[in-house]
Amino acid sequence: MNVIGHPYVAKRVAGRLTGDLVLGSYYPDIVPFVPGSVFEFEEIHEGGKKLLDFLDKYSPGRRDLALGMLCHSAEFGADGFSRSIAERFESKREEYGKRIAEASEISLEIASRARFHNFLWWGVDVQLLRHRRNFVEDLAKKISQIDVSEAASLLAECFDKEIADVSQDILFLLRSYTPERFLSIQGLVEIWANMAAGLPQGDNVNVEKAKRVFEDCARLLEDSWEEILEEIVVEVKNNMMNLRALKPELRF
C-alpha cells in the first residue's frame, strides 16, 4: 500500500478524510523511508494503539492521527496484506523483478522480493488515481493543509522523543508529497523515487523506466484492484470494530 492507498483505506474505514487521518496514515512509513530516524520500526509502524491511548488522555480531538496509524499498521491495518499481492502475482515476480532492478539500480534479489510488492501497490495507486479521482483531489487538498508542528509535538510527547527530531522525521517523509504530484502517474513515480532513495539500498530510480513499470502493474491489476481493496477495507474495518469494543468512544 502506498501514498494514495493508505489514506484511501483509512477514509473508507473512518467514513471521513481529515488532515490528521491522512498524516497518521503516513506516520508508519517514517521507518524505513527516513534515514537515521529517531524512531525504531516497531515504535512508529505498530505504535498506533499507544498513540491512541495517549491522545484519549491528552488530546481526544486528535484521535484521527492514531486511527490513521492503526489503519496502516500490520497488526490492525492494511500492511497485514503487504505480501499477499505479491503472492497473487507470483508468476510475474521474475519478469517484473528484472525490470524493477533495472529501473532502480538495485540487486535482482531485492527487486524481486521487497520491491515487487511495492511496485504492485503503486499499480493500485495508479488505478485509484484513474478511477477515484475525486478522492485523490480531496487528498491532495488535505496534504496542502497539513500543519506538522502540533502533530509532531504530540507524537514526540507520546514516544518520549525530542520535538525537533520528530518534526525533522515527518518533514523529511513529507518533503516529496507535494499535492500536484498526486494528480499524475509521473508525479507518483517522482514521489517513489524520492522515498526509495532513503531506503537502506539507496535505490536510484529512473523515473521514465519506473513509470512504465507502474503503468504495467496497473494493467496487471486491471481486473482485481477493486476486489483487493474491498477485501482490505472489510478486514481493517473489522479489526477497528474489535478495537472499538474496548474503546467505544472511537468515532468511526
Side-chain angles (χ1 to χ4, degrees), residues 1-10 12 25-26 28-29 31-33 41 45 71-74 77-133 135-136 176 181-236:
M1 198 66 67
N2 288 306
V3 297
I4 298 177
H6 276 303
Y8 178 80
V9 169
R12 288 286 307 280
S25 78
Y26 291 148
D29 277 339
V31 179
F33 290 107
F41 177 83
H45 199 279
C71 287
H72 182 137
S73 71
D79 272 9
F81 295 82
S82 189
R83 303 294 177 185
S84 63
I85 196 168
E87 293 170 358
R88 187 169 187 144
F89 294 98
E90 184 64 32
S91 65
K92 299 291 185 179
R93 186 185 293 274
E94 183 177 355
E95 173 192 347
Y96 277 73
K98 290 177 181 177
R99 295 179 64 191
I100 293 166
E102 182 182 355
S104 308
E105 295 185 10
I106 54 175
S107 72
L108 180 58
E109 180 181 8
I110 294 296
S112 60
R113 291 185 179 181
R115 298 300 184 276
F116 181 49
H117 83 268
N118 290 139
F119 272 74
L120 288 171
W121 286 121
W122 280 112
V124 172
D125 271 18
V126 170
Q127 291 291 358
L128 284 167
L129 173 62
R130 290 171 173 167
H131 299 286
R132 300 292 187 272
R133 184 77 183 191
F135 168 79
V136 177
S176 61
R181 280 180 164 174
F182 282 72
L183 303 178
S184 69
I185 299 174
Q186 175 84 13
L188 294 179
V189 180
E190 290 171 358
I191 290 174
W192 171 243
N194 289 150
M195 291 176 68
L199 289 167
Q201 294 79 18
D203 299 31
N204 184 22
V205 176
N206 179 297
V207 171
E208 288 308 312
K209 290 180 180 179
K211 182 180 178 183
R212 289 193 288 273
V213 183
F214 274 39
E215 291 169 337
D216 286 345
C217 285
R219 194 172 298 113
L220 194 63
L221 287 151
E222 187 74 46
D223 297 326
S224 59
W225 69 274
E226 289 180 291
E227 174 192 337
I228 290 169
L229 280 177
E230 286 305 310
E231 181 181 347
I232 293 171
V233 168
V234 168
E235 186 65 27
V236 174

Item to check | Euclidean distance, Asn2 CG relative to His117 NE2, rounded to 0.5 Å | outcome: 8.0 Å
Next on the checklist: Phe81: which residues meet the ring-ring contact (aromatic ring centres under 6.0 Å, His included) condition with it, sequence neighbours left out?
Outcome noted: none
Next on the checklist: Is there a side chain to side chain contact (heavy atoms under 4.5 Å, CB included) between Arg12 and Ile232? Walk through the geometry before answering.
Outcome noted: CA-CA 10 Å; Arg12 288 286 307 280; Ile232 293 171; over 6 Å; no
Next on the checklist: For Arg130, I'd like to know if atom CZ has over 12 heavy atoms of other residues, nucleotides or ligands within 6.0 Å.
Outcome noted: yes
Checklist entry - To the nearest 0.5 Å, what is the distance between CG (Asp216) and NZ (Lys92)? => result 9.5 Å
Next on the checklist: Suppose we screen for side chain to side chain contact (heavy atoms under 4.5 Å, CB included). Which residues come up paired with Glu222, at least two apart in sequence or across chains?
Outcome noted: Gln127, His131
Checklist entry - To the nearest 0.5 Å, what is the distance between CD1 (Ile191) and CZ (Phe182)? => result 4.0 Å
Checklist entry - Would Arg219 and Glu215 pass as an ion pair if we require N to O under 4.0 Å? => result no
Next on the checklist: Set out, in order, the CA-CA distance, both residues' side-chain angles and the distance that settles side chain to side chain contact (heavy atoms under 4.5 Å, CB included) for Leu229 and Leu128, then state yes or no.
Outcome noted: CA-CA 10 Å; Leu229 280 177; Leu128 284 167; 3.8 Å; yes
Checklist entry - What are the two closest non-hydrogen atoms of Ala210 and Ala103, and how far apart are they? => result N-CB, 3.9 Å
Item to check | side chain to side chain contact (heavy atoms under 4.5 Å, CB included) evaluation trace for Ser104 with Arg115 | outcome: CA-CA 9 Å; Ser104 308; Arg115 298 300 184 276; 5.7 Å; no
Item to check | With sequence neighbours excluded, residues passing ring-ring contact (aromatic ring centres under 6.0 Å, His included) with Tyr26 | outcome: Tyr177
Next on the checklist: Counting only heavy atoms not in Glu95 (residues, nucleotides, ligands), do more than 12 fall under 6.0 Å from its CD?
Outcome noted: yes
Next on the checklist: Go through it in stages, so that I can follow the logic: the residues are Trp225 and Val126, the test is side chain to side chain contact (heavy atoms under 4.5 Å, CB included), and I'd like the CA-CA distance, side-chain angles, deciding distance and then a yes or no.
Outcome noted: CA-CA 10 Å; Trp225 69 274; Val126 170; over 6 Å; no
Item to check | Mutual orientation of the aromatic rings belonging to Phe214 and Phe119 [parallel < 30°, tilted 30-60°, perpendicular > 60°] | outcome: perpendicular
Checklist outcome for this item: CH2 (Trp122) and CD1 (Ile4) are apart, to the nearest 0.5 Å, by 7.5 Å
Item to check | Audit row: Asp79, His45, side-chain hydrogen bond (donor to acceptor under 3.5 Å, both in side chains) steps and yes/no | outcome: CA-CA 10 Å; Asp79 272 9; His45 199 279; 2.7 Å; yes
Checklist entry - Shortest non-hydrogen contact from Ala111 to Gly97? => result CB-O, 3.3 Å
Next on the checklist: Is any side-chain heavy atom of Val3 closer than 4.5 Å to one of Arg181?
Outcome noted: no
Checklist entry - Which heavy-atom pair separates Leu199 from Pro32 by the least distance, and what is that distance? => result CD2-CG, 3.7 Å
Next on the checklist: Taking the side chain as everything from C-beta on, heavy atoms only, tell me whether Phe89 gets closer than 4.5 Å to Ser224.
Outcome noted: yes
Item to check | Distance-minimising heavy-atom pair for Ala78 and Val236 | outcome: N-CG2, 3.7 Å
Checklist entry - Using 4.0 Å as the upper bound for N to carboxylate O, is an ion pair formed by Arg99 and Glu102? => result no
Checklist outcome for this item: dist Asn118:CG -> Cys217:SG (nearest 0.5 Å) comes out at 10.5 Å
Checklist entry - Any ion pair linking Glu87 and Arg83 (charged N to carboxylate O, less than 4.0 Å)? => result no
Item to check | Audit row: Lys209, Glu105, salt bridge (Lys or Arg N to Asp or Glu O under 4.0 Å) steps and yes/no | outcome: CA-CA 11 Å; Lys209 290 180 180 179; Glu105 295 185 10; over 6 Å; no
Checklist entry - Do you know the tightest heavy-atom contact between Arg93 and Ala86? => result NH2-CB, 3.6 Å
Next on the checklist: Rounded at 0.5 Å granularity, tell me how far CG in Leu120 sits from OH in Tyr96.
Outcome noted: 8.0 Å
Item to check | Side-chain heavy-atom pair Lys211, Asn206 within 4.5 angstrom cut-off | outcome: no
Item to check | Shortest non-hydrogen contact between Val213 and Ile100, atoms and distance | outcome: CG1-CG1, 4.1 Å
